[in-house]
S.K.: 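Here it is, the structure in full.
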2 protein chains.
Amino acid sequence: MELYKIHPQHYVAVDCVILGYQDEEIKLLLYPRSFEPYKGNWSLLGGFVQDNESADEAAARILKQTTGLEQIFLEQVASFSEPNRDPEARVISLAYYALIRIDLHDEEKVKENGAYWIPIRKLPNLIFDHQEMLGKALVKLQQRAGYSLCGSELLPEMFTLIQLRKLYEAIFQHEFDPGNFRKKILSLGVLEKLSEKDVSESRKGAFYYKVKANIGDMDVNRIAKF
Amino acid sequence: MELYKIHPQHYVAVDCVILGYQDEEIKLLLYPRSFEPYKGNWSLLGGFVQDNESADEAAARILKQTTGLEQIFLEQVASFSEPNRDPEARVISLAYYALIRIDLHDEEKVKENGAYWIPIRKLPNLIFDHQEMLGKALVKLQQRAGYSLCGSELLPEMFTLIQLRKLYEAIFQHEFDPGNFRKKILSLGVLEKLSEKDVSESRKGAFYYKVKANIGDMDVNRIAKF
DNA sequence: TCAAAAGTGTTCTCCATACACCCATGG
DNA sequence: CCATGGGTGTATGGAGAACACTTTTGA
């Protein structure tokens, strides 16, 4: 301990890139910062790492405080540690990204925080280096979507293959051939066809699917290559 | 600032997974920890983030202190923040990995630190969560090697395609077909054939290659898929 | 019966793999 | 002239891209 004492200590924060999917768009949870500096400017949801918790736990805590959700996919993005990134004080921030189902989140909690779901393609300016955090989180999302089906995290329990394709098109900003996408996904063998159909989009109706139980983090096969 | 003051501050360290390649093996720079706790146990090379530097800068500083090398490939691996990961005090550690050419490093400096190059397949136990840091660094190395030629970082200026293949075999722990590997690499168009040959391994001799100048971080083509 | 979306099938091309074969050289 | 690696060529299979085609249904 004596040896450690000659070194400085720092505030350590976590900032969460909370992503959801709605209306064929990827959306990000943001709120207008409630205190100086940059009060009123758009910010990711964040907080400080306390003494009794890991950064992972701090991120989960913030996610629960702001969306009411627990047991959510949550992963480190990167650390941000430029000495002057926060003009008020030295704060080292650990960025996380979370994938949540917008249909499940607690709207009350979001309102309390004055937070909003904002499509990532129509983003306002963000404070500090939050834009960069988002950028790296989106890269991670693409990587993850490339070898694992993100359907279960961002879509409702049941979804059609068309909905899944639209999600992937939103993630990769790229159109996929409907037939090929369908074959590729089904060939993975991780989806279970249900008897029910979604008839809201067409007369014929599209069958719902759900992710098979006991599919861990899946196989090594890539879903999309970019 | 007032608002920040209610939050705790923490020691923030960086730990470097310094990787090199020698004798057809990936090696890791380790030293026996020189102070308590766990004095004498094997440890990554690390240090504390100071007030005037980012974590990236701290990692570069440590790399220079221990190997004499600058301008080296250095990238974040992950953060480690379990409250009790260091029994002496709460230390949040940011792990980095570096790829260096063992033939260029400063042996004097390494000796000063009592450090050694240890093949990663014959590793002793490491302190704290350093084993996990190495594990994640090796995954990152494979990912990087998958879409970029790590040759320039881990091999000497000039190298034969056989040497490059052996390097990749060490990284992926997997044998590659000599002919196919050769074709794949050459098809990328990033290597320049030299007139000189390495005659130490065979009568015929193998041509040296070097990475073409002004090749940035290369193309998107994957070199190996795993 | 027709429009519109859902879903299937077919072809072509590219690329990774496996492996046979040729080349250069010193002893 | 032959053993030894270095280096090239070829056949095959599987996966992705493009796109034509069939199915289902309500109006």
Side-chain angles (χ1 to χ4, degrees), chain A residues 24 142 145-149 151 155 158-169 171-210 218-226, chain B residues 23-24 142 145-147 149 151 155 158-169 171-210 218-226:
Chain A
E24 304 190 2
Q142 288 193 351
Y147 61 81
S148 165
L149 260 199
L155 291 175
M158 307 190 311
F159 49 86
T160 66
L161 286 172
I162 289 92
Q163 289 169 347
L164 185 64
R165 176 165 54 82
K166 299 273 190 201
L167 168 61
Y168 268 76
E169 290 178 348
I171 291 174
F172 287 101
Q173 291 290 295
H174 176 281
E175 303 226 327
F176 293 92
D177 178 279
N180 295 337
F181 183 84
R182 165 177 214 89
K183 268 176 292 183
K184 175 71 189 173
I185 296 296
L186 290 178
S187 75
L188 298 174
V190 299
L191 291 189
E192 184 181 339
K193 189 176 184 173
L194 305 178
S195 51
E196 205 174 335
K197 276 186 169 187
D198 167 25
V199 290
S200 66
E201 299 290 324
S202 71
R203 310 188 200 288
K204 183 177 176 182
F207 279 104
Y208 279 118
Y209 289 77
K210 68 173 189 178
M218 282 235 325
D219 48 356
V220 191
N221 285 323
R222 293 184 65 72
I223 295 168
K225 58 159 200 243
F226 285 94
Chain B
D23 302 332
E24 304 191 1
Q142 290 194 350
Y147 60 81
L149 259 199
L155 291 175
M158 305 191 311
F159 49 86
T160 66
L161 286 171
I162 289 92
Q163 289 169 346
L164 185 63
R165 176 165 54 82
K166 300 272 190 200
L167 169 61
Y168 267 76
E169 292 178 345
I171 291 174
F172 287 103
Q173 290 290 293
H174 176 281
E175 302 226 329
F176 293 93
D177 178 280
N180 295 335
F181 182 84
R182 162 176 218 91
K183 266 177 294 185
K184 175 72 188 172
I185 297 296
L186 290 178
S187 76
L188 298 173
V190 299
L191 290 190
E192 183 182 339
K193 188 176 185 174
L194 305 179
S195 51
E196 205 174 336
K197 277 186 169 187
D198 167 26
V199 290
S200 66
E201 300 290 323
S202 70
R203 310 186 202 289
K204 183 176 176 181
F207 279 104
Y208 280 118
Y209 289 78
K210 67 174 191 178
M218 284 236 322
D219 48 355
V220 192
N221 285 324
R222 292 183 64 71
I223 295 169
K225 58 158 202 242
F226 286 94

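Naming convention: chains lettered A, B, ... in sequence-line order (proteins, then strands); numbering from 1 in each chain. In this text, all values refer to a predicted model and were calculated from it rather than measured experimentally.
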S.K.: CG/Asp177(A) to NZ/Lys183(A) distance, rounded to the nearest 0.5 angstrom?
M.R.: 7.5 Å

S.K.: Please state how far atom CD in Glu201(B) lies from atom C1' in dG7(D), giving the value in whole angstrom units.
M.R.: 16 Å

S.K.: Take the protein atom CZ of Phe176(A) and the nucleotide atom P of dA18(D), then report the distance between them rounded to whole Å.
M.R.: 12 Å

S.K.: Nearest-Å distance, CD (Glu196(A)) to P (dA6(C))?
M.R.: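 Answer to the nearest Å: 16 Å.
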
S.K.: Which whole-number value in Å describes the distance from Glu175(A) CD to dC19(D) C1'?
M.R.: 15 Å

S.K.: Got a second to check how far Gln173(B)'s CD is from Gln142(B)'s CD, nearest 0.5 Å?
M.R.: 8.5 Å

S.K.: Between the protein and nucleotides 10-15 of chain C, which nitrogen or oxygen pairs are less than 3.5 angstrom apart?
M.R.:
residue: dT10(C); atom: O4; partner: Lys183(A); partner atom: NZ; Å: 3.1

S.K.: Compare all side-chain heavy atoms of Leu164(B) with those of Phe176(B) and state whether any distance is below 4.5 angstrom.
M.R.: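 The answer is no; the side chains never approach within 4.5 Å.
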
S.K.: In whole angstrom, give the distance that lies between atom CD1 of Ile185(A) and atom P of dA6(C).
M.R.: 16 Å

S.K.: Does the protein touch nucleotides 20-27 of chain C at the base, only the backbone, or not at all? Give it as B, S and - per nucleotide, heavy atoms under 4.0 Å.
M.R.: ---BBBB-

S.K.: To the nearest Å, give me how far apart NZ (Lys166(A)) and P (dA5(C)) are.
M.R.: 10 Å

S.K.: Return the set of residues passing side chain to side chain donor-acceptor pair (under 3.5 Å) with Arg165(B) (not counting sequence neighbours), or none when no residue passes.
M.R.: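 Per chain and number, Arg165(B) pairs via side chain to side chain donor-acceptor pair (under 3.5 Å) with Glu169(B).
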
S.K.: With a 4.5 Å heavy-atom cut-off, do Leu149(A) and Tyr168(A) have their side chains touching?
M.R.: yes

S.K.: Considering only distance and modelled atom types, tabulate donor-acceptor pairs under 3.5 Å from the side chains of residues 200-209 of chain A, sequence neighbours left out.
M.R.:
residue: Ser200(A); atom: OG; partner: Asp198(A); partner atom: OD1; Å: 2.7
residue: Ser202(A); atom: OG; partner: Gly205(A); partner atom: N; Å: 2.9

S.K.: Quick one: CD on Gln163(B) to CG on Leu161(B), what's the gap to the nearest 0.5 Å?
M.R.: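 That separation rounds to 9.5 Å.
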
S.K.: Base, sugar-phosphate or nothing for Ile162(B)? Non-hydrogen atoms, less than 4.0 Å.
M.R.: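 Sugar-phosphate only.
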
S.K.: Nearest-Å distance, CZ (Arg165(A)) to C1' (dG16(D))?
M.R.: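 It is 16 Å, rounded to the nearest whole Å.
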
S.K.: Let me know the distance between CG of Asp198(A) and P of dA6(C), rounded to the nearest Å.
M.R.: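 About 8 Å, once rounded to whole Å.
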
S.K.: If you count heavy atoms of other groups shown closer than 6.0 angstrom to CD of Glu175(B), is the number above 12?
M.R.: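 Open: at most 12 neighbouring heavy atoms sit under 6.0 Å from CD of Glu175(B).
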
S.K.: Going from CZ on Phe159(B) to CG on Leu167(B), what distance comes out if it is rounded to the nearest 0.5 angstrom?
M.R.: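 So the gap between those two atoms works out to 9.0 Å.
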
